[in-house]
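Here's the structure we're looking at; comments come further down.
Counting begins at 1 with the first residue of the sequence.
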Amino acid sequence: ETSFTVDRTRDEVVDTLFLDETLIALLPGRSEITDRDGDRKTTSTQFTALGQEGTAVFHFHCLMDGSIRFEKECDGVVWAELRGEVRAEEEARSTRVWMSIEGRTKPMVPEFAIKGPMEDQLLQMSEALRGLL
């Protein structure tokens, strides 16, 4: 989990969270929105890892309180489950934005081996979001 503060109201932050350009900016690589269904948007991201090309699909859900929950379609060899959340909390003259990711690896993939890359991804996502806000 990570957080940062921005000099914007919570309403301004929440209005920005579920925009297409915000969701795409959260994901490194060539991303696009591939589906929209009510309060859910699906992204597809082309990436290269360990010399292999792949596609990561994420589903983002806008909740009634303005928070965003997301999960990855875990059809590869590393993740059995990967999900996260972005939420905003009003402070005195600013808004604190919280971002978290949690996951479970597939058998034969030690979780300690993926912890560093997962923390790096969380920081990249947080920095991208901070830049947009």
Flag side-chain contact, heavy atom, 4.5 Å: Phe4 against Leu133: yes

Atom CZ of Arg93 with >12 non-hydrogen neighbours under 6.0 angstrom: no

Nearest-0.5 Å distance that lies between atom OG in Ser31 and atom CG in Leu26: 9.0 Å

Glu85 side chain to Ser100 side chain, donor-acceptor N/O pair below 3.5 angstrom: no

Working for side-chain contact (heavy atoms from CB on, under 4.5 Å), residues Thr5 and Glu91: CA-CA 9 Å; Thr5 301; Glu91 294 187 339; 4.0 Å; yes

Chi angles and distances behind the salt bridge (Lys or Arg N to Asp or Glu O under 4.0 Å) call for Arg69, Glu71: CA-CA 7 Å; Arg69 285 213 181 118; Glu71 70 268 347; over 6 Å; no

Atom of Gly103, atom of Glu111 and distance for their closest heavy-atom approach: O-OE1, 4.3 Å

Any side-chain heavy-atom pair of Thr22 and Ile68 under 4.5 Å: no

Residues, nucleotides or ligands: over 12 heavy atoms within 6.0 Å of Asp7 CG: no

Neighbour count >12 (heavy atoms, 6.0 Å) for atom NZ, Lys106: yes

Within one Ile-Leu-Val-Met-Phe-Trp-Tyr cluster: Val77 and Val57, side-chain cutoff 4.5 Å: no

SB check Arg83 Glu81 (cutoff 4.0 Å): yes

Minimal non-hydrogen separation, Ser94 against Val6, with atom names: CB-O, 3.1 Å

Gln121 CD to Gln124 CD distance, which is reported to the nearest 0.5 Å: 7.0 Å

CA sep, side-chain torsions, deciding dist, call: Thr9, Asp11, side chain to side chain donor-acceptor pair (under 3.5 Å): CA-CA 5 Å; Thr9 67; Asp11 288 343; 5.3 Å; no

Heavy-atom side-chain contact between Glu21 and Leu132 under 4.5 Å: no

same_hphob_cluster(Val109, Leu82) at 4.5 Å side-chain heavy-atom cutoff: yes

Flag if over 12 foreign heavy atoms under 6.0 Å of CZ, Arg96: yes

Residue pair Ala25 / Ala128: nearest heavy atoms and the distance that separates them: O-CB, 3.4 Å

Main-chain N/O of Cys62 paired with Lys41 side-chain donor or acceptor, under 3.5 Å: no

CD1 on Ile24 to OG1 on Thr43, rounded to 0.5 Å: 8.0 Å

Candidate list Val97, Val14, Ile101, test side chain to side chain contact (heavy atoms under 4.5 Å, CB included), partner Val86, passing option: Val97

Residues which pass side-chain hydrogen bond (donor to acceptor under 3.5 Å, both in side chains) with Asp37, listed by chain and number, not counting sequence neighbours: none

Lys/Arg-Asp/Glu bridge criterion (N-O < 4.0 Å) met for Arg40, Asp35: yes

Closest non-hydrogen atom pair between Trp98 and Ser3, with its separation: CE3-CB, 3.5 Å

Where Phe18 and Phe60 come nearest, the two heavy atoms and their spacing: CE1-O, 3.8 Å

Considering all heavy atoms, the nearest Arg104-Trp79 contact: O-CE3, 3.6 Å

Exam field: side chain Thr95 to backbone Arg10, donor-acceptor pair closer than 3.5 Å: yes

Salt bridge (Lys or Arg N to Asp or Glu O under 4.0 Å) partners for Lys72, two or more places apart: none

Sidechain-backbone polar pair: Thr42 side chain, Thr34 backbone, donor-acceptor under 3.5 Å: no

Side-chain touch Met99/Met125, heavy atoms, less than 4.5 angstrom: yes

Heavy-atom donor-acceptor pair, Glu119 side chain to Gly116 backbone, under 3.5 Å: no

Steps toward side-chain contact (heavy atoms from CB on, under 4.5 Å) verdict (Glu1, Glu102): CA-CA 9 Å; Glu1 183 174 84; Glu102 62 183 354; over 6 Å; no

